[in-house]
Amino acid sequence: MQEVMPATGVFSLLWLLIALPLAGAAILLFSGRKTNKWGPYLGVFTVFVDAIIAIWMLIAMMGNSAEQRTFSQNEFSWMFAGNLKVDMAFQLDQLSMVFVLLITVVGTLIHIYSLGYMSHDPDKRKFFGYLNLFVAAMLLLVLANNYLLLYVGWEGVGLASFLLISFWQIKPTAAAAGKKAFIINRVGDVGLSLAIMVMFVTFGSVGFDEVFGSTSQASEGTLTAIGLLLLLAAAGKSAQFPLQAWLLDAMEGPTPVSALIHAATMVTAGVYLITRSNAIFDAAAWAATAVVVVGVITMFMGAIIGSAKDDIKKSLAGSTMSQIGYMVLAAGLGPVGYVFAIFHLLTHGVFKAGLFLGAGSVMHGMNDNVNMRRYGALRTAMMVTYATFIIGTLSIMGIPPFSGFWSKDSIIHAAFESNTLVGILTIIAAAITGFYMTRMAAMTFFGKARWEDGVHPHESPKVMTIPLIILAIGSTFMGIALLFWGNIETWLEPVTGFEEKHIAIPEWALITITLILVLAGAAYGWIQYARREVPLVAPRGNWLTRAARQDLYGDAVNNTLVVQPSFWLSRFLVWFDGSWIDGFVNGSAAFFGGLSARLRPYQSGFIRSYALSMVGGAVLVVLALVLVRLS
Amino acid sequence: MNAVATVVHAVDVTPWEMPTLDYRLLAPVLIVLGAGVVSVLFEAFLPRGVRRPVQLTLVFVTLIAALVAVINLNGVRETAGQGALAIDGPGLILQGAVVVIAILGALLMAERGLDPNGDAFAARASSLPGSEDERQFTARGYFQTEIWAFFLFAVGGMMLFPIANDLLMMFVALEVMSLPLYLLAGMARRRRLLSQEAALKYFVLGAFASAFFLYGAALLYGFSGSISFGEIAASLGSKTGETALILIAIGLVVAGVLFKIGAAPFHQWVPDVYQGAPTPVTGFMAAAVKIAAFGALLRLLYVALGGMRWDWTPMLWVISILTMFVGAILALTQSDIKRMIAYSSIAQAGFILLGVVAVSAKGLEGAIFYLIAYAFTTIGVFAIISMVRDENGEATHLSKWAGLGRQSPVIATLFTIFMLALTGIPLTSGFIGKFAVFSAAYASGDKWLVIAAVVASLIAAFFYMRVVVLMFFTEPNEETAIVAIPSIFTTIALAAAATVTVLLGVVPQPLLDLIANAGVFIR
Amino acid sequence: MNPSNYVILSALLFGIGALGVLVRRNAIVVFMSVELMLNAANLAFVAFARMNGNLDGQVVAFFVMVVAAAEVVVGLAIIVQIFRSRRSASIDEPNLLKY
Amino acid sequence: MNSFPWLTVLGLVPLIGSVVVALLPKSMPLLAKQLAFAISLVVLGLVVVMALQFDGQSEFVFQFQESYDWIPAFGVTYSLGVDGIALVLIALSAVLVPITILAGWNDVEQPQSDSVGSVKGYFALILLLETMMIGVFAATDVFLFYVFFEAMLIPVYFMIGRYGGAQRSYAAMKFLIYSLVGGLFMLAAMIGLYVVTGTFNFTQILLGAGIDANTQKILFLGFFLAFAIKAPMWPFHTWLPDAAAASKPGTAVLLIGVLDKVGTFGMIRYCLPIFPAASDFYAPVIIALAVIGVFYGAFVALGQNDLKRLFAYSSMSHFGFIILGIFVFTTIGISGATVYMIAHGLSTAALFLTAGYLMQRRNGSSLLSDYSGVNKPAPVLAGFFLFAALSSLALPGLVSFVGEFMVLLGTFQRYMWVGGIATLGIVITAAYVLRVYQKSMTGAVGSGLEHIKDLTGREISALVPIAALTIFLGLYPAPVLNVINPAVNTVMVMVGATDPAPTVGLISTTSQGAQQ
């Protein structure tokens with residue numbers, strides 16, 4: 001168990017990490033047009049300062065011994081009633097630290113890039129406001145010291161994601177995509193909510209320390225339940241099967257958003273959640289297995305979808321799904337995998353951000369066309385983009401010495417450590433990665449130009465290319481740096497635990513096999529899309545391709561199973577409400593009115609009939625008296 | 001001759017004492033009845049021109065004097081007139097209420113500012129409707145001032161009714177109260193055919209009901225050997241046998257009084273008479289007759305028949321429920337406001353019966369409070385009805401009330417207050433009244449009756465609020481009636497009615513105290 | 001003669017009177033039927049007075065006669081007025097007020 | 001305790017204000033508005049001052065107590081006093097009234113308004129209603145409570161009926177009759193309570209010997225029916241959509257935002273403590289109805305095309321949550337329900353006011369299909385609309401989340417499956433709320449909407465306090481929780497319920513929370 005240190009020194013600024021971008025967001029969103037001019041710069045500035053604070057904290061943290069790297073800051077009591085006591089409290093440990101760095105540093109780069117990318121958008125100020133909001137929420141997510149506060153960040157990033165996906169909401173597709181993302185995420189949120197409730201009912205607390213401290217006392221059934229519910233939450237946020245359908249649509253958002261939120265940071269929150277909850281998954285084997293299964297399924301789904309899409313961003317989105325599948329799978333492996341899940345998360349965050357920004361740069365030069373079939377031969381037109389994109393591609397394919405190689409190889413190794421089948425599957429998925437990334441690079445930068453009329457590809461401005469270059473440098477060296485210099489295993493070990501198992505296959509053999517398969521996939525991609533002519537209109541393709549173009553029928557399934565029945569139910573209830581419940585209400589009013597009309601003729605106006613009813617009344621009275629007496 | 005002789009012989013002549021009359025105890029009634037006689041004399045001997053001011057002075061002085069006399073009797077609790085009259089707390093309160101309501105009623109009847117041709121009464125009731133005579137009389141500005149004599153006699157009868165302590169006095173009071181009202185009902189200035197029809201119906205049915213009452217009284221007398229309530233009660237408690245006779249007797253007597261309060265199924269005269277009678281008379285009648293008749297019913301049931309409560313409470317249950325529902329349901333579809341209020345008064349009678357059924361001090365208090373609250377509200381309602389007019393006189397069709405709130409917000413607001421009171425919304429007298437009788441009934445174990453009353457209140461709320469909807473939620477159109485500006489008479493009556501309606505809702509305690517201190521009926 | 005026979009007779013008279021009110025159409029006749037009922041009550045009072053051996057019933061009968069006389073005055077006035085307005089003494093004729 | 005009659009003064013100020021406003025000449029509508037607004041601010045100020053003097057740690061359940069005999073004949077006292085729950089609800093009313101006045105500044109005099117009432121009348125009614133609202137929450141005498149409970153109907157009846165839209169007569173009547181159904185049955189039950197206990201004074205009722213269980217079961221129904229209709233709970237809800245649809249936005253805000261809370265407030269204040277055995281007995285049924293309400297309301301809202309009706313159904317769904325929280329008998333649940341009441345008041349206000357602003361810009365049409373792409377011409381309006389929507393779907397960080405989560409947690413604590421099922425409601429909520437936003441605010445700008453004006457300063461200034469409170473209390477609900485928790489604990493003691501303990505370990509004490 002780690003020692004929890006009071007947040008002193010630079011760590012007393014923990015709250016500021018969140019408050020800065022939050023304040024930025026507030027100023028940008030509430031100030032109105034007055035801040036149009038300098039607003040975007042303010043947005044960049046807050047995140048930049050955050051990054052500096054984060055680096056400073058990292059340095060300070062490294063100065064402490066491994067056991068003294070958890071810092072906690074309690075602001076005030078947030079929610080309390082009965083035995084519920086939740087504090088507005090932040091905690092920084094090694095795991096959060098790497099996330100904070102990823103978020104702030106990559107965030108800064110993407111903010112800077114956006115200055116160029118969004119320069120012509122009239123709602124630029126709002127865009128940076130949303131981005132700041134996102135950064136604040138994401139930092140809250142990773143800095144919370146309890147699940148409920150994490151939930152706030154969790155939904156906060158969801159909100160930012162919703163806002164940014166539907167940023168160009170004048171496009172109905174964008175608006176619909178945002179809504180879809182939010183609602184599917186809400187399904188995941190149900191999981192998180194319920195997980196928190198089970199925790200509270202079981203442990204009487206939702207704080208990380210309290211929950212993890214008493215897992216040993218809880219039954220495995222309970223822990224499995226919590227684990228599965230957390231998995232549902234993670235699936236929602238990280239676009240894992242079966243809640244994967246939103247991520248592809250989310251590409252409707254501006255490309256920097258796709259880079260920051262839907263590649264580097266937010267979508268990896270699920271991995272964070274699982275890793276953070278390692279104490280639970282370690283004690284719930286079934287839940288961990290489920291995590292692996294979900295990871296594997298998504299890894300393939302994403303890869304297959306990525307291989308079939310012609311839209312460069314959707315293809316990248318498929319790849320993101322697939323890579324997160326790797327991470328989730330690794331996290332499901334337990335102590336052998338947590339560290340590498342995070343490792344891959346970090347490297348992926350950098351290279352995928354680079355790839356997305358690269359894609360954005362390409363689109364920027366191609367009048368925002370995303371169809372790769374209308375690209376081609378762009379390597380000369382946009383040199384920097386080309387170079388950085390290729391570095392990213394090599395990194396994600398896992399070619400040494402690029403950073404992706406180290407992290408992905410670690411996962412494959414860890415997979416073999418726990419289950420050979422999973423290991424084999426990870427290698428196959430790696431081969432598919434080779435194929436679709438090569439396909440993407442080939443269609444975009446190689447082959448013949450298939451540009452639309454009037455398109456004049458050009459390199460993007462410096463404000464965009466410099467972040468690309470920085471990210472490319474990261475994609476190249478980060479793996480080595482983290483593994484050998486940063487010692488990621490030892491760094492995270494106090495939080496996540498770490499163990500290494502011996503496997504039958506020697507290390508070098510595994511790497512060789514993997515590389516051969518990846519290269520084979522890449523070669524196939526090259527032959528298909530660089531050597532041959534790429535048709536402007538996609539050929540029909542085989543059943544798998546067609547299915548993949550339909551996102552493997554994710555939407556269709558959702559529609560048939562959930563959306564349509566909901567609308568039918570809704571329509572039925574509207575009818576039921578009007579005809580039956582309200583019908584009863586109005587009917588009873590009508591009943592008395594009708595009764596009244598029915599009775600009125602008895603008031604006939606004839607004296608004799610009145611007299612008759614009086615006689616009847618007298619008889620009634622006497623009869624009543626007699627009856628009472630008789631009874 | 002022979003028969004009389006035998007009776008005299010049978011009675012066994014005892015030294016005969018001169019009956020004494022305590023005039024102080026009878027003062028209220030005597031003042032009013034005496035004034036009635038004077039009024040007749042005025043009518044006979046005064047020149048036409050001065051009759052009205054003189055009569056009005058007489059009426060108001062009389063009523064105020066009677067009120068003073070009633071107040072003067074505060075705390076008295078004894079019988080008078082050889083036991084024929086019971087001067088006790090409840091009796092005095094009811095008498096006082098009758099007098100106060102009579103003052104308000106007189107104010108309404110004295111109003112001449114609303115109709116361009118004068119007051120609400122026909123210039124000559126004897127003239128044929130629509131005849132040349134009638135036009136002549138109207139043109140000459142004739143007024144009937146006999147109404148004041150009728151009025152005073154009716155008031156006298158009403159004051160006598162709740163303190164009548166034997167069957168004969170009750171019958172006489174009933175008739176003294178009713179006969180002038182039959183006539184007053186037929187004297188409307190406008191829509192005279194309706195008015196005459198109302199008088200005829202009221203008269204025939206009233207006489208019919210009186211006959212029931214009287215025959216029942218005869219049977220009761222036959223059973224108990226006395227017409228005095230106290231002795232009837234005593235013999236009902238001691239004698240056995242002749243069950244059928246006594247039940248029929250009770251049935252007939254009660255039926256006779258139920259007719260006067262307008263309980264179903266003796267209610268059918270109510271809508272017709274209320275609609276046809278001149279509006280001030282309707283208001284007076286609706287308010288005061290109810291007080292008097294309920295007072296009589298309460299005394300009859302509690303004092304004379306109290307020992308048989310287990311026999312008649314279930315019967316009154318049925319009557320009460322029937323009355324509430326018949327009134328409330330039939331009012332739903334009425335299009336004439338007077339007729340609607342008439343049905344409402346039937347429903348209200350059903351609610352008051354809850355207090356009667358309770359057969360407890362609480363029930364008595366509740367019923368009396370309800371009666372007073374209801375009477376004031378009713379006077380106010382009819383005061384406003386008499387003010388809402390079009391070129392043909394009062395605009396009683398509901399459609400003409402549409403948008404009245406826009407045209408005369410004050411009047412419409414007052415009417416709304418009355419409607420809320422009749423609905424039983426808190427902060428009005430009606431709510432306290434409902435509460436009082438409901439809680440009395442509940443405390444006596446009549447839970448289901450309370451539930452029934454609650455349901456009936458709901459139905460009733462619908463038509464009361466319909467008027468509010470019409471007045472306030474509808475735009476005025478060319479059909480909409482106008483509110484005539486009344487003279488000081490109606491204004492005072494209306495103001496008093498509204499004030500009491502609100503006051504009794506907000507600070508009911510003084511009146512409740514008064515009623516509670518009055519205690520129960522003397523036996 | 002057994003005074004209870006008078007009671008039975010009075011009941012018959014009362015019944016006849018009530019029936020008369022219900023079945024006769026002429027207002028005057030209806031009115032007379034009501035008077036018959038009152039007098040039936042009177043007869044009962046007197047008979048009961050005899051049975052009970054006190055004078056109360058007889059006194060009542062006198063009062064009732066007076067009241068009945070007053071009622072006649074009022075009633076005839078109303079009926080005559082109706083007759084003059086409508087040229088008919090039918091009790092079913094005035095039928096404007098209903099429902 | 002201080003002897004200043006805070007609550008009476010609090011009630012009197014708007015009452016007098018109402019009379020004064022009503023007596024102004026018709027020709028001075030502006031003065032009427034200004035005066036009404038000023039008075040409502042005075043009330044708000046008084047409430048703030050009073051709230052600051054409220055002692056959250058006090059051993060007295062009720063504070064600022066006043067008690068005078070009113071109708072001794074019926075054992076009725078004029079007793080006022082607030083516990084934490086009542087205090088926050090009074091505060092909510094005091095906050096919403098000036099906002100409503102400000103937002104509805106021009107609502108009743110625009111040319112297309114088909115209302116029949118005068119301007120001053122509307123504002124006088126609002127102030128009158130405020131008196132009633134304060135009274136109903138402050139009453140500690142059951143009879144007095146009932147008086148306000150029923151009398152409150154009248155101003156609302158007029159606000160709907162005189163100033164509403166096309167169906168206003170029907171809606172006003174339906175509202176009134178529906179409410180009377182509950183009210184009159186409550187009257188019957190209240191009489192029964194009086195007969196059984198001999199008093200109406202709330203404290204004395206509680207101090208007195210308990211009522212036997214069978215009687216409780218009957219009397220409870222009377223009270224509960226009234227509250228369930230007011231709240232409104234499924235299936236007693238159909239008055240609400242009609243009333244909301246026919247109301248001016250301001251009326252709807254006060255109606256749903258505050259008035260309907262009287263129902264849930266009554267359940268906590270009266271049903272639970274006075275009838276603990278009956279509450280326990282009926283809880284399963286009520287919980288079932290509440291959960292049905294959550295989903296029913298949400299699904300019907302999903303199929304609505306009329307904005308106001310939609311929000312009404314959404315409120316019904318929310319009320320399902322609140323009622324659920326109350327009847328699971330956990331501290332967290334009841335606290336959560338109370339917070340939820342506040343939150344729902346604020347979110348409803350935001351929703352109806354923004355929707356009202358929107359509709360005003362299109363001749364009052366409330367049809368969702370009449371709007372699209374509003375975000376383009378009126379981004380501020382769209383922004384507030386989105387905020388209101390998010391507040392409605394209980395976004396974490398907003399106060400509605402605090403309430404909703406606590407309700408669900410409290411439920412889950414007691415009935416795991418119920419809590420689990422109810423939690424699914426948050427998905428449907430998101431679905432219908434975002435559906436509205438997507439349809440109305442995004443996409444291509446609808447024809448006729450190209451040139452609508454964005455919000456004016458006045459309109460914004462009515463919304464800003466709501467938004468600020470929603471966020472502030474979402475992040476820092478302690479001011480509310482501190483005040484209501486003692487009251488909730490008292491309720492729990494009176495119901496005789498205890499919170500389920502965590503299955504493992506005891507309540508963790510290692511949390512470094514500085515519980516102040």
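Throughout, protein chains are lettered first and strands after them, A, B, ... in sequence-line order, and every chain is numbered starting at 1.
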Between B:Glu134 and B:Arg192, is the closest basic N to carboxylate O distance under 4.0 Å?
yes

Using non-hydrogen atoms only, which part of C:Ser33 is less than 4.5 Å away from chain B: side chain, backbone, both, or neither?
neither

With rounding to the nearest 0.5 angstrom, report the CG to CD distance, C:Leu97 to B:Gln275.
5.0 Å

Using only heavy-atom distances, determine whether the side chains of B:Thr279 and B:Glu394 contain a donor-acceptor pair under 3.5 Å.
yes

Name the member of B:Leu167, B:Leu200, B:Asp166 that forms the most heavy-atom pairs with chain C at distances under 4.5 Å.
B:Leu200

B:Phe203-B:Tyr182 aromatic ring centre distance below 6.0 Å:
yes

Evaluation steps, side chain to side chain contact (heavy atoms under 4.5 Å, CB included), between B:Leu252 and B:Phe213
CA-CA 6 Å; B:Leu252 291 177; B:Phe213 176 85; over 6 Å; no

Got more than 12 heavy atoms from elsewhere within 6.0 Å of CE, C:Met51?
yes

Select one option (side chain, backbone, both, neither) describing which atoms of B:Phe171 are under 4.5 Å from chain C's heavy atoms.
side chain

Portion of B:Leu219 that has a non-hydrogen atom of chain C nearer than 4.5 angstrom
both

Contacting region of B:Gln268 [heavy-atom separation from chain C under 4.5 Å]:
neither

Just so I understand: if I count every heavy-atom pair under 4.5 Å between each of B:Ala185, B:Ser226, B:Ser126 and chain C, which residue has the most?
B:Ser126

Please examine the side chains of B:Ser345 and B:Val270, heavy atoms only from C-beta on, and report whether any two atoms are closer than 4.5 Å.
yes

Whatever's closer than 4.5 Å to a heavy atom in chain C on B:Ala217 counts as both

C:Arg84 atom CZ, neighbour heavy-atom count above 12 within 6.0 Å:
yes

Residue pair B:Glu175 / B:Ser210, side-chain donor-acceptor N/O under 3.5 Å
yes

Is the gap between the ring centers of C:Phe45 and B:Tyr221 under 6.0 Å?
yes

Honestly, the part of B:Thr333 sitting under 4.5 Å from a heavy atom of chain C is neither

Pair count under 4.5 Å, heavy atoms only, with chain B: among C:Val30, C:Val64, C:Asn39, C:Val66, highest is C:Val64

Interface moiety of B:Phe212 toward chain C, non-hydrogen atoms closer than 4.5 Å
both

Gap separating the OH atom of B:Tyr343 from the CD atom of B:Gln334, nearest 0.5 angstrom
5.0 Å

Greatest number of non-hydrogen atom pairs under 4.5 angstrom with chain C, of B:Val204, B:Leu194, B:Asp272, falls to B:Asp272

Grab the two heavy atoms, one from B:Pro180 and one from B:Ala154, that are nearest each other, plus how far apart they are.
CG-N, 3.8 Å

Residue C:Ala11 versus chain B: region with a heavy atom under 4.5 Å
both

Take the angle between the ring planes of B:Tyr274 and B:Trp269 and call it parallel below 30°, perpendicular above 60°, tilted in between.
perpendicular

Options B:Pro271, B:Ser131, B:Ala125, ranked by heavy-atom pairs under 4.5 Å with chain C, top entry
B:Ala125

Contact origin within C:Val74 toward chain B - heavy atom pairs under 4.5 Å
both

Within residues 12-24 of chain C, residues adjacent to chain B where the heavy-atom gap is under 4.5 Å
C:Phe14, C:Ala18, C:Val21

